[in-house]
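Notes for the one structure printed next.
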Amino acid sequence: MTPLPDETVVYLDNDSSSLKNSSLVQDVLEGDIHSKITLEKKIVQLYVSSVLSDMESERTVLMSKVFSKGLRQFCKEWGYELQVMDPHWGLKDVWMDNHKHADICLDLLEKCKTAANGPFFLMMVGQKLGYQPLPKQLNLDEFSVITSGIKKEKDALIAAWKTKLAAIESLDNKGLSVEDGGTLISRSMSISSQRSQRSFGSKAGFKTGVSKMMKSLKAANLVSKRRSSVYGDHSEPKEDPEVTAQKAAEKECDDNLVAMETWYKLDLNQIPPRTSELRDFTSSDKIKKQRARNQWTMIYKQLLDIIKKYLSEKVVTAERWTELLETLPESELRTALPMGAPAKSDAVYVINRNIPDLRRNLQDFTAKEYIDLLQMKSEVDDPSYERVQNLKYDVLPNVVGEQNIKEVSVRWHKDGISGQSDRTHSLYLDNVSQACHDVLRSRLERFLETDQGSKVIPTDDLYEDVAQHALFAQTRCKTFFGRKETLREVKDYLQSDLRQPLVFHGEPGIGKSSLIAKSLELLPKWMDSHLAFIVYRFVGATPSSCDTHALVGSICRQICHLYDLEQSTIPEDFYGVVNDFEVKLGSASSDNPLVMLLDGLDELQTNRKDLSWLPKTLPEHVKMILTIQSSDEYDDLKILKKQCPSAKYLAIPPLSQKEIAFLLNYQLTTADRTLTETQHTVAMEMCQVNPNPLFLTLLCNEASRWRSFAEKRETYLPNELRKLVNATFVQLESSHGDSVVRRALGYLTAAEFGLSWTELEDLLSLDDTVMVDVTTHNATRLWHFPPGLLYRLMKDLEPWLTTVKMDGVWLYQWSHQEFRHAATERYLNMRDKAPSYHLALAEYYMSKWADKRKPYPGSESGAERHVDRQRVSLEYQASIGRGEEVLYNFRKLKELPHHLLKSNQLAVLKKEILFDFEWNITKLKATSFREVLNDLHSALTIDPNDPELRLLSETLLYSEEALKHDPNQLASQLAGRLSRMIMDSKPRSAVDNVKYPLLVQMINQANNPSSPALIPSVTGIHLYLNSEIVAVVQSNVILVYNFSDGSLVTSIDEFIDPVVVSSAGMEHQYMVTFFSGSNVIRAWDVSKEVEMIFEREFVQVGVHKDRSLCMSLQSHGDKVLYAFRSDSKAYVINVTNGKRVLELQPPKDGASVTALAISRDFYIVACRYIYMTLSEIHQLELFDNTSGAHSRSIRGCTNDVVRELYVNKNSTHALCISPSQQSNSSEIAVWNLDTDEHKHMAKHPQLSSLAACVDLNFFLTASRSDKALRIWNIKKRINERDPSDSGRGTSQRGICQLIPMLNNPRYVVAKTRDNGPLSCGTS
């Protein structure tokens, strides 16, 4: 075993440069594996202790309302995972096939206590004492005391009875009637005869015993009675009460002795030998199994009474006697807080419940669930009740402290504590859950704040990655033995001048990883004269090491760190990293040679068959040792030999007989077990058939359960590695249930990088097959998988699983790839189950069933499963004052695309992930550009001809440099590169299909991103005519700048509503703002200082919720024109006092205001009217700017779309930009305010939405989806007549053109001058 120094915890600054300041971190990165490494685990484990039956309602409410709904999410926001460990909730009883429930509970509690991240122990106490576990093992002295005590008691009974018989015989000799004692003697002889038949060991002894018995029967004159009964006298003689009592006492002793010898057997395989273990009761038949559990309940009580009766403090030590009598809640309290230890105020919390009227209702059927009663009686078990009272009111206050105890009280109901039966119980449960939530949350918050403020663990992913490989190496070194010749080959290679890699190969489980680990341990001794840097990786030991790109990049980063090279020079693309890898190897020197060890190249999951990154010839001062699997199933070794033909290849030999014997004995001794001679021979023969270290480890795990009295069939195991792994799975399925094991291991295997505890618990809760089975055989009120069952399973899986840290989350994954392959074959490939596992994982990460009821077989309405909602990001509470604001859900970002692809849901993957703008920008910020591109490439492997996938992939590649520099440029990159293509590909007719529907969706999302992006963020800007003050509206904040020097005059940010800014006054000294939503107008005087002069709120409610107000961009002195968009009226307000001075009402009904403007003489109101039923037409209504009287109307046409209206300085024309969705084009619409003429000009593609015009020389247009600004020279065309208008003068009436109808010459079509629709008439 590798010697390890004391545990060292390292706290570092986030700055990666501080990694060099820590000697431990530096040692780890230089390749030293001898230090004790501790990685931070952001896990809060809360153990819940209570009696199984009486606190079921309280624990169910806590599970549904406090833990799953509130505290889990709260801990997530701090970057922690909350694991609620309630080993009793949801269970019908505590019986297990191996009778280890109490041991498992205390082991789990010890782990929670060791972690101790915040509160770890929640205890709920009622009026019931709780489960008292049987001792799973008795030492030989204890067992001997019990059995000898039973035998002595029986012998005493027999001796007393013989004395009584002798007295009767003496009475007979004195002449008393034999009939007086006949019945008594006959029954006593019957009992004696049964005893004689068991005790006589020879035929002679047996005959002597029978002879004595017959003499006694004759003496009692009973032989004649037996004979007479055969011929008709069938009446049974009445049994004497003393005989009945004697018979029962003797039978009780016999039954007790049989029970002890049946359920406690001497196991010589235990070190030291003990009477263990309690016999299993397993059966594949569920009815038989339940019958066995019911029988065990009776046997359990019998064994408990026996142990209490025959053991005492005089026989065993006081500590052992306390342990034997202790109930599970008492043991849990002692484990959590040892007596005499100071109470941790924030670590424990106790709910002390009292039901005052319970003792008055003991006759109720459910009363026995809440208080201990005498067997078959409605009377309180006073000793048990007194122990409970002592625990509640004496022990707990002293050990825990009064401040950590919550006293609660509730009245009794005949159905027990149930929120459905009694409303007061519902209120009581709500109060308990709220109090528990508030206390635990406040204590968690105190811990998290203190934890974040007192230490900063290294966040450098390079250190964490290498540290996990170091821990893996330490684990493998502990069981390494032998291999002297192979290790000598490694040493000779390192000390040679060979410039090629050394490659070890062998079958799965042959010990390749252990060989590399042991070499790492011995390397400093072998190269003591050189300060060698050691770089090593165990492929598969961490998720990132399975990816070739990430693996090579990580190695390059470590080499840069060791040789003080610049890490920024490492390329990000795969082939760039491969080329740089070879360059980095050349950094080795004679002073600091480089030794690289890479284990398990066959476990690479990406680019597995491409090993071209490995150098064929090594640079000087570089050594490289590789391991790879060699088997008929895979051709990895052939691929490596093709890449490195001149490398030195060595096969790892199988274990020798000596090595097998040592490892077998060592592993058994470590588990305090041994084997009988016969069993040892069987084990050795099996290992000699398959001399494989992994096979030997599996065999030892199974052999440690062999008892010395086990039958031969119980020791049978298959002699092939894969079959032995499958036998392990079968054993788990038998112990924990087929559905639970199959689905749990299926999910673990299907997950790309493993699963966390919470994820596995939630996935099993969502699995209908599992939950139907669990709810059928347990007392689970909620459809949520009981944590106790999960811990039992994970406890048995512990030897075959490992935990790895990835993106701050600790994940369970297989410790050896042979288990992954076997589980894949057994659970994912059999009956084509793989898609179902991946579909369930995809639905979980998409939160399909979070906070809603999921149907299950037999119920369409279903049940809520109380699982976490998987949000892509959370507000990071721990980042306050540290610069970080977002906590990303890396698990969802990395796992969801994989499972959608594996579950054959390419369409969902494209719509919800690949073409979702928010998903892509979040993943860019959280991970890297390469991760986003890999998702697209994975989808292209399924459908390589998908035009949208190819187009998006190419677009991102063109944008790579910009996105690496700033992910926020994604919106501008997509819009700038794809908008025109998307617009050009729009369907030309109703029957055409959209060419790029998903890209259209993505571009639309990019135009309205949730986070700041490189698109115009200024929503309003106004330049005052004096050119001194400019007001800008940005994110509803009004910024006033001095235009001459660019200084910020003031910032107005106290208003949250969208705002439109204009100016008023003869010198534009007033800034006028209209706030949509709150419908408030405010004005400021900006001539000297920015000072508000009035504020007015309108009672009227706007038609629209967004952009409800419209306002003229010009003013008339101190007056501003405004209206509610789509209203039928407009208003004029005086900005100096805020009074409304005019109300402008268009003369025609049905007016809908769309835009406003002010000319020199008129207030102009642009209105939309319904025209010819299915059409709309815009019309300018002109009002006198002095009186407000309506002057006239200027009609537009049905092609007009008026949103903003611009009037030139001379007030001769009104202009607007008129976009058309149908033609995807825009035109400039013009109204001549002098001649009332209307026309369109300057038609162009794109939907322009921004415009400006000051004089009639130039008109500016722009689009939010296009980065081009168009400048139109309109000077020459502004006064040209519309070619279709052949009339003269300013009249709007009359006919300008007649068009005869060819097929019906009696009719002509006349076109009027007002640009309305054509009309026809008869001639």
task = Quick one: do Ile625 and Ser519 satisfy side chain to side chain contact (heavy atoms under 4.5 Å, CB included)? Show the steps, please.
result = CA-CA 10 Å; Ile625 302 175; Ser519 299; 5.6 Å; no
request  = Please step through side-chain hydrogen bond (donor to acceptor under 3.5 Å, both in side chains) for the pair Asn117 and Lys42, ending with a clear verdict.
outcome  = CA-CA 8 Å; Asn117 284 334; Lys42 287 193 170 185; over 6 Å; no
ask   = Going through the distances and angles, do His821 and Gln817 end up as a side-chain hydrogen bond (donor to acceptor under 3.5 Å, both in side chains)?
value = CA-CA 6 Å; His821 297 324; Gln817 290 301 321; 4.6 Å; no
request  = Take Asp636 and Leu601 through the side chain to side chain contact (heavy atoms under 4.5 Å, CB included) test and state the conclusion after the steps.
outcome  = CA-CA 8 Å; Asp636 302 282; Leu601 295 178; over 6 Å; no
His549 vs Asp547, side-chain hydrogen bond (donor to acceptor under 3.5 Å, both in side chains): CA-CA, chis, key distance, verdict = CA-CA 6 Å; His549 192 167; Asp547 179 77; 5.1 Å; no
query = Going through the distances and angles, do Leu551 and Phe581 end up as a side chain to side chain contact (heavy atoms under 4.5 Å, CB included)?
reply = CA-CA 11 Å; Leu551 174 66; Phe581 173 63; over 6 Å; no
inquiry  = With side-chain hydrogen bond (donor to acceptor under 3.5 Å, both in side chains) as the criterion, how do Ser554 and Arg537 come out once you've worked through the C-alpha distance, each side chain's angles and the decisive distance to 0.1 Å?
reply    = CA-CA 10 Å; Ser554 174; Arg537 296 292 188 275; 3.0 Å; yes
request  = With side chain to side chain contact (heavy atoms under 4.5 Å, CB included) as the test, would you mind laying out the steps for Lys892 and Trp919 before giving the verdict?
outcome  = CA-CA 11 Å; Lys892 179 173 183 175; Trp919 171 276; 4.1 Å; yes
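For Asn920, the side-chain contact (heavy atoms from CB on, under 4.5 Å) test picks out Val932, Leu970, Met1002, with sequence neighbours left out. Glu960 is linked by a salt bridge (charged side-chain N to carboxylate O under 4.0 Å, His left out) to Lys964, counting only residues two or more places apart in sequence or in another chain. Gln973 pairs by the side-chain contact (heavy atoms from CB on, under 4.5 Å) definition with Ser959, Ala962, Leu963, Gln969, Arg977, not counting sequence neighbours. Looking at residues two or more places apart in sequence or on another chain, you find a side-chain contact (heavy atoms from CB on, under 4.5 Å) between Glu918 and Asp916, Ile921, Pro1009, Ser1010. Taking the side-chain contact (heavy atoms from CB on, under 4.5 Å) definition, one finds that Glu485 meets it with Arg488, sequence neighbours left out.
Annotation: side chain of Leu901 is not in contact with side chain of Asp935 (no heavy-atom distance under 4.5 Å). Side chains of Trp78 and Cys75 form no contact here, defined as non-hydrogen atoms less than 4.5 Å apart. His505 is not listed as a side-chain neighbour of Leu640, based on a closest heavy-atom distance of 4.5 Å or more. In this structure, the side chains of Leu614 and Met624 come closer than 4.5 Å at one or more pairs of heavy atoms. Counting heavy atoms from C-beta on, the side chains of Leu523 and Tyr536 never come closer than 4.5 Å. Side-chain atoms of Val622 and Met596, non-hydrogen and from C-beta on, never get closer than 4.5 Å to each other. Contact annotation: the side chain of Phe504 approaches that of Leu650 to within less than 4.5 Å [non-hydrogen atoms, C-beta and beyond]. With a 4.5 Å cut-off on side-chain heavy atoms, Asp32 and Pro524 do not count as touching.
Of all non-hydrogen atoms in Gly754 and Gln813, the two that sit nearest each other are CA-CB, 4.4 Å. The nearest pair of heavy atoms linking Thr548 to Trp613 is CG2-NE1, 3.5 Å. The minimum heavy-atom distance between Val503 and Ala647, with the atom names listed, is CG2-CB, 4.2 Å. Shortest non-hydrogen contact noted between Ala751 and Leu841 is N-CD1, 4.1 Å. Closest approach of Ile570 and Cys560 over heavy atoms only: CD1-SG, 3.9 Å. Arg557 approaches Leu462 most closely through the heavy-atom pair NH2-CB, 3.7 Å.
Asp602 contributes a side-chain N or O that, together with a main-chain N or O of Gln629, makes up a donor-acceptor pair within less than 3.5 Å. Looking at Ser545, its side chain does come within 3.5 Å of a backbone N or O of Thr542 through a donor-acceptor pair. Using modelled atom types, one side-chain atom of Gln474 and one backbone atom of Ser35 make a donor-acceptor pair closer than 3.5 Å. Side chain of Ser496 to main chain of Tyr493: a donor-acceptor pair is present (N/O by atom type, distance under 3.5 Å, no hydrogens or angles). Side-chain atoms of Thr803 never come within 3.5 Å of backbone atoms of Tyr812 as a donor-acceptor pair (strictly under, hydrogens ignored). A donor-acceptor pair under 3.5 Å is formed between the side chain of Ser815 and the backbone N or O of Trp800. A donor-acceptor distance shorter than 3.5 angstrom exists from the side chain of Asn592 to the backbone of Leu531, with no hydrogens or angles considered. With hydrogens and angles disregarded, a donor-acceptor distance shorter than 3.5 Å links the side chain of Lys805 to the backbone of Glu40. The main-chain N or O of Asp573 is never found under 3.5 Å from a side-chain atom of Arg930 such that the two would form a donor-acceptor pair. A donor-acceptor distance shorter than 3.5 angstrom exists from the side chain of Lys512 to the backbone of Glu507, with no hydrogens or angles considered.
Ile942 contributes atom CD1, which lies 7.5 Å from atom NZ of Lys902 (distance to the nearest 0.5 angstrom). The CD atom of Glu895 sits 4.5 Å away from the OH atom of Tyr845 when rounded to the nearest 0.5 Å. Rounding to the nearest 0.5 Å places CZ of Arg820 at 9.0 Å from CD of Glu603. Interatomic distance, Ile33 CD1 to Cys477 SG, rounded to the nearest 0.5 Å: 4.5 Å. In this structure, Ile516 CD1 and Thr627 OG1 are separated by 5.5 Å, a value rounded to the nearest 0.5 Å. For the atom pair CZ (Phe753) and CG (Leu811), the distance works out to 9.5 Å, reported to the nearest 0.5 Å.
The cationic atom of Lys641 (NZ for Lys, CZ for Arg) lies less than 6.0 Å from the six-membered ring centre of Tyr649 and within 45° of the ring axis.
Listed by first and then second residue, the salt bridge (Lys or Arg N to Asp or Glu O under 4.0 Å) pairs involving residues 618-631 amount to none (not counting sequence neighbours).
Within a 6.0 Å radius of OH in Tyr575, other residues, nucleotides and ligands contribute 12 heavy atoms or fewer. When the shell of 6.0 Å around CD of Glu582 is examined, it contains 12 or fewer heavy atoms from other residues, nucleotides or ligands.
Under 3.5 Å, the side chains of Thr758 and Glu81 contain a donor-acceptor pair of N or O atoms.
Note: Phe538 and Phe472 have tilted aromatic rings, judged against thresholds of 30 and 60 degrees for the angle between ring planes. The aromatic rings of Phe819 and Trp814 lie parallel to each other, with less than 30° between the two planes, well short of the 60° mark.
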